[in-house]
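Step one of this worksheet: look at the structure below.
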Amino acid sequence: MVEFISDNIKYIGVDDLDIDLFEGQYKVPEGVSYNSYLILDEKVAVMDTVDARKTNEWLANLEKELAGRTPDYLVVQHMEPDHAGSIAVFAEKYPNAQIYCSTQAVKMFAQFFEEADFGSKLNPVKEGDTLALGQHTLTFVMAPMVHWPEVMVTYEQSEKVLFAADGFGKFGALCKYDGDWACEARRYYFNIVGKYGVQVQNLLKKAAGLDIKTICPLHGPILTENLGYYIGLYDTWSKYEPENEGVLVAYASFHGGTAEAAKKLAEILKEKGAKKVAVADLCRDDMHEAVEDAFRYNAMVVAAPTYDGNMAPAMHDFLHHLQLKTYQKRRVGIIENGSWTPLSGKIMRGMLEEMKNIEIIDTIVTIKSRMKKADVANLEQLADAILK
């Protein structure tokens, strides 16, 4: 799938179907795209490079669209290696091209490219600076901590295009894109950008003052229609508001006892009219999908056995992920299990209390090894409290 933008703005990015883990941690069974763009005018500008894994393929795309011309500028919006990995090769191939980036990005060049000498090629820009290409004019908008400190986005005035850096990105190669944007965009957002909701809100306020017809992210498809839908989701996500009414039941289980109780609770929730119940086995399922669902729904129940005087490691990992991503504004219930001294509930509660605006259901449901008939009544009460 090759993205068409306009006669003068070309897509020159590449798909990576060989990668198994993005950033060494996120599963990407459908691969990922590294997006890069070319603006052809009196002056020629390249918008970001790609991961070093795909440098040669990207250069071939660039040369094809250049059709014999030479780039005058390279705009670097983000220094993360999946986008900046080909800068040194580009600079060597096109030695006269000037590089435009934020002041913070200039400081990072030596960190990533110790051997390269960029000399006087680096041109730091600040908020509101412009670069005229002819009929096209680029305006630079600073977006610090979305999700690195040097990030900026770029607005092209004549065609009303926002080059959005990692904003509005999603997992998945473009050749695999089936039109379902939200699912993998949500997992991408909460796991990569999610901690920085305040900074995303700041950027959205700046974007509200721009007449945007096209959004060109650094990952995923170019967005051209119904932009209010995508911007609305980003507004909801970055405010840490629930997107949907529902409950995530996330559990870790060693010998099946905790799993049985968690699944029984999910069954009870459905019977009581919960609009959506998602169940995550933290020992087996994708941890980052569980994080996505924790943010998606307005309520959550965590269930884990006691382990070495603490809780199951998978549950600790999950709650730690939520802490890192600034989980907040949710109602949470707790199920603990223990064969002699149940402690996991107290410890889970302690981690949840460190999070912002979390309403914790007062009564912890305690299972002793295996769920008994008497425990079902407690699960019923927990379900009522979650759905109140």
message: Go through it in stages, so that I can follow the logic: the residues are Asp48 and Ser36, the test is side-chain hydrogen bond (donor to acceptor under 3.5 Å, both in side chains), and I'd like the CA-CA distance, side-chain angles, deciding distance and then a yes or no.
response: CA-CA 5 Å; Asp48 294 293; Ser36 174; over 6 Å; no
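- Thr363 pairs by the side-chain hydrogen bond (donor to acceptor under 3.5 Å, both in side chains) definition with nothing, not counting sequence neighbours.
- Ring geometry for Trp148 versus Phe112: interplanar angle under 30°, hence parallel rather than tilted (30 to 60°).
- Screening Thr49, Val50, Ile12 against Leu62 for a side-chain contact (heavy atoms from CB on, under 4.5 Å) leaves a single residue, Ile12.
- Remark: side-chain polar atoms of Tyr37 are not paired, donor with acceptor, to backbone N or O of Ile5 under 3.5 angstrom.
- Sorted by first and then second residue, the side-chain hydrogen bond (donor to acceptor under 3.5 Å, both in side chains) pairs involving residues 94-122 (not counting sequence neighbours) are Gln98-Asn123.
- Met300 and Ile268 are not part of a single hydrophobic cluster, where members link through side-chain heavy atoms under 4.5 Å apart.
- By the 4.0 Å N-to-carboxylate-O rule, Glu156 lies too far from Lys160 to be salt-bridged with it.
- Within the 3.5 Å criterion, the main-chain N or O of Ser369 finds a donor-acceptor partner in the side chain of Asn337.
- Ionic pairing of Asp51 and Lys54 is not present here: no N-O contact between side-chain nitrogen and carboxylate oxygen is shorter than 4.0 angstrom.
- Salt-bridge formation is detected for the pair Lys264/Glu267: a Lys NZ or Arg NE/NH1/NH2 atom is positioned less than 4.0 Å from an Asp or Glu carboxylate oxygen.
- Under a 3.5 Å cut-off, the side chain of Arg331 and the backbone N or O of Ile386 do form a donor-acceptor pair.
- Scored by the salt bridge (Lys or Arg N to Asp or Glu O under 4.0 Å) test, Asp16 finds Arg53 as partners (sequence neighbours excluded).
- Salt bridge status for Arg186 with Glu243: present, with a side-chain N to carboxylate O gap under 4.0 Å.
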CA sep, side-chain torsions, deciding dist, call: Gln77, Thr154, side-chain hydrogen bond (donor to acceptor under 3.5 Å, both in side chains): CA-CA 8 Å; Gln77 300 185 111; Thr154 306; 3.0 Å; yes
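- Atoms CG and NZ, from Leu40 and Lys10 in turn, are 7.0 Å apart once rounded to the nearest 0.5 Å.
- Note: His321 and His288 have perpendicular aromatic rings, judged against thresholds of 30 and 60 degrees for the angle between ring planes.
- By the 30° and 60° cut-offs, the orientation of the rings of Trp181 relative to Tyr234 is tilted.
- Taken together through direct or relayed side-chain contacts under 4.5 Å among Ile, Leu, Val, Met, Phe, Trp and Tyr, Leu218 and Ile87 form parts of separate hydrophobic clusters.
- The distance from atom NZ of Lys346 to atom CE of Met311, rounded to the nearest 0.5 Å, is 12.5 Å.
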task: Please step through side-chain hydrogen bond (donor to acceptor under 3.5 Å, both in side chains) for the pair Gln199 and His147, ending with a clear verdict.
output: CA-CA 8 Å; Gln199 290 81 3; His147 58 120; over 6 Å; no
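- Aromatic ring orientation, His219 versus His83: tilted (interplanar angle from 30° to 60°).
- A salt bridge is defined here as a Lys NZ or Arg NE, NH1 or NH2 lying under 4.0 Å from an Asp or Glu carboxylate O, and Glu241 with Lys329 meets this definition.
- Under the 30°/60° scheme for interplanar angles, the aromatic rings of Trp237 and Tyr189 are found to be tilted.
- The backbone N or O of Asp281 sits less than 3.5 Å from a side-chain atom of Asp285, completing a donor-acceptor pair.
- At a threshold of 4.0 Å, the pair Asp384-Lys272 counts as salt-bridged, since one of the basic side-chain nitrogens sits closer than that to a carboxylate oxygen.
- Using a 4.0 Å cut-off between a side-chain N of Lys or Arg and a carboxylate O of Asp or Glu, Lys176 and Asp15 do not qualify as a salt bridge.
- Ion pairing between a basic and an acidic side chain is recognised when a charged N comes within 4.0 Å of a carboxylate O; Arg296 and Glu245 show no such pairing.
- In the hydrophobic clustering of ILVMFWY residues, with side-chain heavy atoms under 4.5 Å counting as a link, Ile367 and Val376 come out together.
- Formation of a donor-acceptor pair under 3.5 Å by the Asn310 side chain with backbone atoms of Tyr307 is not found in this model.
- Between the side chain of Asn191 and the main chain of Arg187, a donor-acceptor pair closer than 3.5 Å is present.
- Listed for the Asp375 side chain is a donor-acceptor partner under 3.5 Å among the backbone atoms of Lys372.
- In terms of modelled atom types and a separation under 3.5 Å, the side chain of Ser6 and the main chain of Ile9 share a donor-acceptor contact.
- With a 6.0 Å radius and a threshold of 12 heavy atoms from other residues, nucleotides or ligands, Lys206 has its NZ atom above the threshold.
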- request: Show your working on ring pair (Phe, Tyr, Trp, His ring centres under 6.0 Å) between Tyr11 and Phe4 and close with a plain yes or no.
  value: CA-CA 6 Å; Tyr11 178 83; Phe4 176 79; over 10 Å; no
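- At least one donor-acceptor pair closer than 3.5 Å links the side chain of Ser253 to the backbone N or O of Gly256.
- The aromatic rings of His316 and His320 sit parallel, their planes meeting at an angle under 30°, below the 60° perpendicular limit.
- Although no hydrogens or angles enter the test, the distance criterion places a donor-acceptor pair under 3.5 Å between the side chain of Thr236 and the main chain of Gly232.
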